[in-house]
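Worksheet: the structure to be examined is printed underneath.
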Amino acid sequence: MAMKVKEVSELASISVRTLHHYDEIGLLVPDEITPAGYRMYSDANLERLQQILFFKELGFSLKEIKNILDDSAFDAEEALHMHKLILLEKRQRLDQMIATIDKTVLHLRGEIEMTPREQFQGFDFSHNPYEHEARQRWGDHAVNEAHQKLKDPPADKQKELSDQMNDIFRRLSAISHTAPESAEAQAEIKQWYMVLNQLGSYSPEAFKVLGQMYVDDERFTRNIDQFGEGLAQFMCNAMAVFADQNQ
């Protein structure tokens, strides 16, 4: 059953403007345009959109995604299998990062001691066991471009990054009484986005999801709110605004 652009926007949680852009660049062209000019999306269009969003989550550019999906050798089922494997690996890494956060809280309270290496457990983005298979399917260039930032920070950068993150938390806490969409709040949230992308590869959509985790997971909320009551919710709201403005 064909769906209008607004319905697809709501279904996939992306903006109408983004869907229009996908159409303009030939990434997702609706199967039908009504005499009145309305875009109508088929089931096949929705399947392609799902693939687009999966590849975006993995850090591929729109140009690379278009090249992959338009390749006659592209196999949707194989791609879904690959997405699942990579996301499972990512989930394991995130679980390790959450455990590191919990240990760091105890360290800050003086209840345990952590070595510098322990403070960065879970931040190893340098290895993905499925990268070889991804290269075979989608090519070296696409994978290199998508993962150029996924490297463990050098030892001499680890403390610098940690200090940067703590500074941003403090600055955000100081302005948490302002509107999340204010220029000041968005400037600081942009800095947070840039720091996170030194550690990994976050699309605006992934950044928004991460912000929601700050309030949905009490462990995130508890740790972030150490810098100021309500900071996790403020960051969640500001990150959502940033993501929507940078689709």
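Atom set for the values below is all heavy atoms of this structure, side chains included, hydrogens, waters and symmetry mates excluded.
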**Study point:** Worked check of side-chain contact (heavy atoms from CB on, under 4.5 Å) between Trp192 and Met165
**Key:** CA-CA 7 Å; Trp192 183 240; Met165 295 170 82; 3.7 Å; yes
Exercise for review: Could you walk me through whether Leu11 and Leu46 pass side-chain contact (heavy atoms from CB on, under 4.5 Å), step by step?
Suggested key: CA-CA 10 Å; Leu11 178 69; Leu46 296 181; 4.3 Å; yes
Check your understanding: Yes or no on side-chain contact (heavy atoms from CB on, under 4.5 Å) for Leu49 and Ile14, after CA distance, side-chain angles and deciding distance?
Key -> CA-CA 11 Å; Leu49 176 59; Ile14 58 176; 4.0 Å; yes
Check your understanding: Run the side-chain contact (heavy atoms from CB on, under 4.5 Å) check on Arg222 and Asp102 step by step: do they pass?
Key -> CA-CA 10 Å; Arg222 182 172 61 250; Asp102 289 338; 4.1 Å; yes
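Grouping the Ile, Leu, Val, Met, Phe, Trp and Tyr side chains by contacts below 4.5 angstrom, directly or via other members, places Leu108 apart from Ile224. Tyr193 and Val215 fall into different hydrophobic clusters, defined by Ile, Leu, Val, Met, Phe, Trp and Tyr side-chain heavy atoms under 4.5 Å apart, directly or through other members. Both Leu19 and Leu53 are part of a single hydrophobic cluster, where members link through side-chain heavy atoms under 4.5 Å apart. At a threshold of 4.5 Å between side-chain heavy atoms, the hydrophobic network of Ile, Leu, Val, Met, Phe, Trp and Tyr places Val29 and Leu27 in two separate groups. Residues Ile189 and Phe227 are members of one and the same hydrophobic cluster, defined by side-chain heavy-atom contacts under 4.5 angstrom among Ile, Leu, Val, Met, Phe, Trp and Tyr.
Note that CZ of Phe234 is 8.5 Å distant from NE2 of His177, once rounded to the nearest 0.5 Å. The distance from the OG1 atom of Thr104 to the CD atom of Gln226 is 9.5 Å, given to the nearest 0.5 Å. For the atom pair Asp70 CG and Ile65 CD1, the distance stands at 11.5 Å (nearest 0.5 Å). Between atom CG of residue Asn223 and atom OG1 of residue Thr100 there is a gap of 11.0 Å, rounded to the nearest 0.5 Å. Interatomic distance, CD of Glu47 versus CD1 of Ile52, reported as 12.0 Å (0.5 Å rounding). Remark: Gln191 CD to Leu196 CG distance equals 11.5 Å, nearest 0.5 Å.
When every heavy atom of Val16 is checked against every heavy atom of Ser9, the shortest pair comes out as N-OG, 3.6 Å. Between Pro180 and Ala185, the shortest heavy-atom contact is O-CB, 3.5 Å.
Using modelled atom types, no side-chain atom of Asn45 and backbone atom of Leu28 make a donor-acceptor pair closer than 3.5 Å. The backbone N or O of Ser173 lies less than 3.5 Å from a partner atom in the side chain of Ser176, making a donor-acceptor pair. In this structure a side-chain-to-backbone donor-acceptor pair under 3.5 Å is present from Gln51 to Ala76. Gln233 places no side-chain N or O within donor-acceptor distance of the main-chain N or O of Gly230, the cut-off being under 3.5 Å. At distances below 3.5 Å, at least one donor-acceptor pair connects side-chain atoms of Gln186 with backbone N or O atoms of Ala238. No donor-acceptor distance shorter than 3.5 angstrom exists from the side chain of Ser42 to the backbone of Ala2, with no hydrogens or angles considered.
Phe55 and His83 have their aromatic ring centers within a separation under 6.0 angstrom.
Residues Lys190 and Asn246 have side chains not in contact (no heavy-atom distance under 4.5 Å, counting atoms from C-beta outward). Contact check for Ile25 versus Lys66: no side-chain heavy atoms found under the 4.5 Å cut-off. Counting heavy atoms from C-beta on, the side chains of His21 and Glu24 come closer than 4.5 Å. Side chains of Ile68 and Phe74 form a contact here, defined as non-hydrogen atoms less than 4.5 Å apart. You'll find the side chain of Met40 stays beyond 4.5 Å of the side chain of Pro30, heavy atoms only. Between Tyr22 and Leu62 the shortest side-chain heavy-atom distance falls below 4.5 Å. Within the 4.5 Å cutoff, side-chain heavy atoms of Gln50 are placed close to those of Leu80. Arg39 places none of its side-chain heavy atoms less than 4.5 Å from the side chain of Val8.
Taking the six-membered ring where tryptophan is involved, the planes of Phe242 and Phe207 are perpendicular, since the angle between them exceeds 60° and thus also 30°.
Taking a 6.0 Å sphere around CD of Glu77, one finds it holds 12 or fewer heavy atoms contributed by other residues, nucleotides or ligands. Under a cut-off of 6.0 angstrom, the local environment of CZ in Arg17 is sparse, with at most 12 non-hydrogen atoms contributed by other residues, nucleotides or ligands.
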